[in-house]
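Here is the structure we will look at.
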Amino acid sequence: MEPVHAEFLPDASLSREEIESLQREIADNAVFEDRFAFDPAAVQISSEPSQQQLTTAASDPNSDAAADAPLVAGVDQAFLDDRAISAVVVLQVGEVVERTHAVRELSIPYIPGLLAFREGGPIAAALATLDCEPDLLCFDGSGRIHYRQAGLATHLGVVFDTPSIGIAKNLLCGTPRESVDGRPAGWRTPIEAADAVDCADGTVIGHAYQSRQYESSNRHINPLYISPGHRVAAETTVDLVAALCDGYKLPEPTRLADSYADEIKAELS
DNA sequence: GCGACAG
DNA sequence: ATCTTGTCGC
């Protein structure tokens with residue numbers, strides 16, 4: 001796939017002020033509402049026919065639900081010395097249909113709020129080598145849950161003008177409406193903008209989502225922090241991640257991209 | 001000035 | 001993110 005807005009590609013040589021200015025421009029161009037062509041109910045991991053698919057098959061004997069199902073890409077990185085290994089795994093109904101990766105020199109260190117300017121280049125390079133056109137991109141990191149509402153997932157979603165979701169293991173900013181401690185699997189609560197975020201206080205910029213939890217024990221699993229990247233509404237974002245989870249804390253696209261990146265890293269070591 | 005801060 | 005063995009509890 002190719003960038004639709006290459007002028008928005010993260011350029012790490014920009015000044016801090018220019019970076020923040022570009023992020024505000026990215027946020028202005030981002031759409032935090034559902035604006036995608038695929039059927040969200042067709043995004044799933046199991047190949048078991050859903051009620052919807054059975055209905056579709058009954059009304060159209062020639063349709064092939066699996067062949068028409070949305071392509072969901074997971075993107076994640078591993079690091080080796082001063083290089084980033086960006087890996088992409090594309091799934092269709094839980095089946096891997098394409099994998100690709102890119103290795104690039106890192107230009108700047110990790111700075112909270114500027115992650116896209118450290119990892120965006122390597123990620124864009126990897127996505128550019130992809131033969132297929134994903135319907136949805138899943139990133140490790142935040143989307144709208146960001147000081148200027150332009151986290152990694154939002155930035156790359158806008159650059160490629162493709163629906164995207166941010167999946168983080170830790171909260172960058174914003175405030176959970178309720179305490180997130182020890183919640184059962186399936187539980188979710190909104191993350192609201194607070195003073196540090198560039199929008200009205202109380203605006204729902206994402207959700208904490210408990211993708212997995214131990215039945216009964218002393219220890220507990222922390223929730224994921226999910227936010228819209230581009231062209232997906234906050235609530236939908238959680239529904240999609242829930243549909244992409246398969247017994248692990250992380251949804252399959254991101255989980256498989258994570259292990260694929262480690263695989264490439266091991267080969268380079 | 002101090003604390004908080006995705007990966 | 002990364003350096004890393006065993007270990008506690010599902």
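Labels below follow one simple rule: chain letters A, B, ... track the order of the sequence lines, proteins then strands, and each chain is numbered from 1.
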Rounded to whole Å, please give me the gap between [atom1] in [X] and [atom2] in [N].
X	N	atom1	atom2	result
A:H146	B:dC5	NE2	C1'	11 Å
A:Y214	C:dG9	OH	P	12 Å
A:I167	B:dG7	CD1	P	11 Å
A:D262	C:dA1	CG	C1'	11 Å
A:I111	C:dA1	CD1	P	18 Å
A:I123	B:dA6	CD1	P	16 Å
A:D258	C:dA1	CG	P	7 Å
A:L171	B:dG7	CG	P	10 Å

>> Between A:N29 and A:H5, is there a side-chain heavy-atom distance shorter than 4.5 Å?
In response: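 A side-chain contact under 4.5 Å is absent here.
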>> Please give the remaining members of the hydrophobic cluster of A:L106, linking ILVMFWY side chains under 4.5 Å, ordered by chain and number.
In response: A:F79
> Which one, C:dA1, B:dA6, C:dT2, comes nearest to the side chain of A:K169?
Replying inline: C:dA1
> A:A78 has a side chain; which of B:dA6, B:dG7, C:dT2 sits nearest to it?
Replying inline: C:dT2
Base, sugar-phosphate, or nothing: which does [X] touch, judged by heavy atoms less than 4.0 Å apart?
X	value
A:F79	sugar-phosphate
A:G166	nothing
A:Y147	base
A:A84	nothing
A:L114	base

> Reckon A:K265 has a side-chain N or O less than 4.0 Å from the OP1 or OP2 of C:dA1?
Replying inline: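 Looking at the OP1 and OP2 atoms of C:dA1, neither is under 4.0 Å from any side-chain N or O of A:K265.
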> A:N170 side chain N/O closer than 4.0 Å to the phosphate oxygens (OP1, OP2) of B:dG7?
Replying inline: yes
> Of the non-hydrogen atoms in A:S164 and A:V232, which two are nearest, and what is the gap between them?
Replying inline: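 Scanning both residues completely, I find the closest heavy atoms to be O-CG2, 4.0 Å.
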> Do A:E263 and A:R99 meet the salt-bridge criterion of a basic N to acidic O distance under 4.0 Å?
Replying inline: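 So A:R99 pairs with A:E263 through a salt bridge.
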>> Suppose we call two aromatic rings close when their centres sit under 6.0 Å apart. Are A:F117 and A:H155 close by that rule?
In response: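 Yes, the ring centres sit under 6.0 Å apart.
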> If a stem is a run of at least 3 consecutive Watson-Crick or G-U pairs, both distances under 3.5 Å, which stems include DNA chain C?
Replying inline: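 Counting only runs of 3 or more consecutive pairs, none involve DNA chain C.
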> Is there a donor in the side chain of A:S86 and an acceptor in the side chain of A:Q77, or the other way round, less than 3.5 Å apart?
Replying inline: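 On atom types as modelled, these side chains qualify, holding a pair under 3.5 Å.
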> Within 45° of the six-membered ring axis of A:Y248 and under 6.0 Å from that ring's centre, is NZ or CZ of A:R255 located there?
Replying inline: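 Yes.
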